[in-house]
Amino acid sequence: MNKKTQKRKFPLFLSALSAAASAFLLIACSSVKAPQALLNKVYITNTKSVYPLPPSSISQDSGDCWYFQGQFNNSSLNAVLYMEQSNDEIHLLLVNEMGLEAAEINFTSTECTIESPFLPKKLKGEYIILDFQNAFAPLNMLENHYKKSGLTFTEEKTENSKVRKLYSGKKLIEEITETEKTVTIKNYYRTYTYILTLPEEF
């Protein structure tokens, strides 16, 4: 092979190598999911949904122990709720009145797992996490988060309570009422209620 032939083939080789590398990078990038894509969306209504906020959205002084009363359609659950939160994780543990583990939820920015012999198997942990974020996350963070999905989040304060509301248009979806000792979360769209009570009120 003469030098001229080598010179002609070498640029062609580089072009082919570059094209192959580009194709590989395109395939590799398309196969990597964004961290949020590993989480389940929470459907606020049948057509509007959001992802949960990051774990850091709940401050560490939100309370680490509550008495939990849950009403889900025709069933109920009473338990002691232990909540641990950090910038990286929210951990919820519910222990029922017999001292048995009723549910455990671990939530990070990329994954949410739920284990419970009592809760419906189809229930996604993200739904419970988002309810707690609705109650304890900063108002401006929630307002901006829901606005992106065409939803409205509001807060009204009185001398003895704080009431947060989530709307789809004019329809009230969820209402969270916080007093000194209790937090009540009512979801009118999905027909369930949580009542959280601080230990001294048991």
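Treat the numbers as computed from the prediction; the structure is a model and nothing was measured.
- With rounding to the nearest 0.5 Å, the separation of CG in Leu142 from OG1 in Thr152 is 12.5 Å.
- The residue from Arg164, Lys165, His145, Glu174 that alone fulfils the side chain to side chain donor-acceptor pair (under 3.5 Å) condition with Asn134 is Glu174.
- Nearest approach of Lys48 to Gly150, heavy atoms of both residues: NZ-O, 3.3 Å.
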Worksheet item: What do the steps show when you test Lys186 against Glu175 for salt bridge (Lys or Arg N to Asp or Glu O under 4.0 Å), and what is the final call?
Response: CA-CA 5 Å; Lys186 283 189 176 184; Glu175 183 176 46; over 6 Å; no
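- Here the straight-line distance linking atom CZ of Phe107 with atom SG of Cys112 works out to 6.5 Å at 0.5 Å rounding.
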Worksheet entry | Residues Thr158, Val163; criterion side chain to side chain contact (heavy atoms under 4.5 Å, CB included); working and verdict | CA-CA 8 Å; Thr158 66; Val163 180; over 6 Å; no
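- Checking side-chain atoms of Glu126 against main-chain N and O of Asn40 turns up a donor-acceptor pair under 3.5 Å.
- The shortest distance between side-chain heavy atoms of Leu151 and Ser168 falls below 4.5 Å.
- Counting only heavy atoms from C-beta outward, the side chains of Phe72 and Tyr194 approach each other to under 4.5 Å.
- Side-chain contact between Tyr67 and Thr182 is absent, with no heavy atoms from C-beta onward closer than 4.5 Å.
- In plain terms, the two heavy atoms of Lys41 and Ser49 that are nearest each other are CD-OG, 3.3 Å.
- Atom CD1 in Ile114 sits 4.5 Å away from atom CG in Leu123 (nearest 0.5 Å).
- You'll find the side chain of Gln133 reaches within 4.5 Å of the side chain of Ile90, heavy atoms only.
- Contact annotation: the side chain of Tyr82 approaches that of Val95 to within less than 4.5 Å [non-hydrogen atoms, C-beta and beyond].
- When the side chains of ILVMFWY residues are joined at heavy-atom separations under 4.5 Å, either directly or via intervening members, Val42 and Leu92 end up in a single hydrophobic cluster.
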Item to complete: Could you walk me through whether Asp131 and Tyr192 pass side chain to side chain donor-acceptor pair (under 3.5 Å), step by step?
Response: CA-CA 11 Å; Asp131 280 330; Tyr192 63 81; 2.7 Å; yes
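- Heavy atoms of other residues, nucleotides or ligands lying less than 6.0 angstrom from OH of Tyr188 number more than 12.
- Between Phe118 and Leu94 the shortest side-chain heavy-atom distance does not fall below 4.5 Å.
- Ala102 and Pro117 get closest at one heavy-atom pair: O-CD, 3.5 Å.
- Contact between Ala137 and Leu53 at its shortest, heavy atoms only, is CB-CD1, 4.1 Å.
- Every ring pair (Phe, Tyr, Trp, His ring centres under 6.0 Å) that Phe153 has, sequence neighbours left out, goes to Tyr146.
- Atom CD of Glu84 sits in a sparse spot, with 12 or fewer heavy atoms from other residues, nucleotides or ligands closer than 6.0 Å.
- A 4.5 Å side-chain heavy-atom check between Phe136 and Met83 finds at least one atom pair inside the cut-off.
- The local environment of CD in Glu101 is crowded, with over 12 non-hydrogen atoms from other residues, nucleotides or ligands closer than 6.0 Å.
- If you take CG on Leu119 and CD on Glu104, they are separated by 12.5 Å, rounding to the nearest 0.5 Å.
- For the side chain to side chain contact (heavy atoms under 4.5 Å, CB included) with Ile176, the qualifying choice from Asn187, Leu166, Val183 is Val183, the only one to do so.
- Separation of atoms CD1 (Ile173) and CZ (Arg190) is listed at 8.5 Å; rounding is to 0.5 Å.
- The two residues Pro199 and Cys65 have their closest heavy-atom pair at CD-O, 3.4 Å.
- Residues Ser161 and Thr179 approach most closely at CB-CG2, 4.2 Å, considering heavy atoms.
- Phe132 is listed as a side-chain neighbour of Ile58, based on a closest heavy-atom distance under 4.5 Å.
- Distance CD/Glu89 to CD1/Ile105: 12.0 Å, rounded to 0.5 Å.
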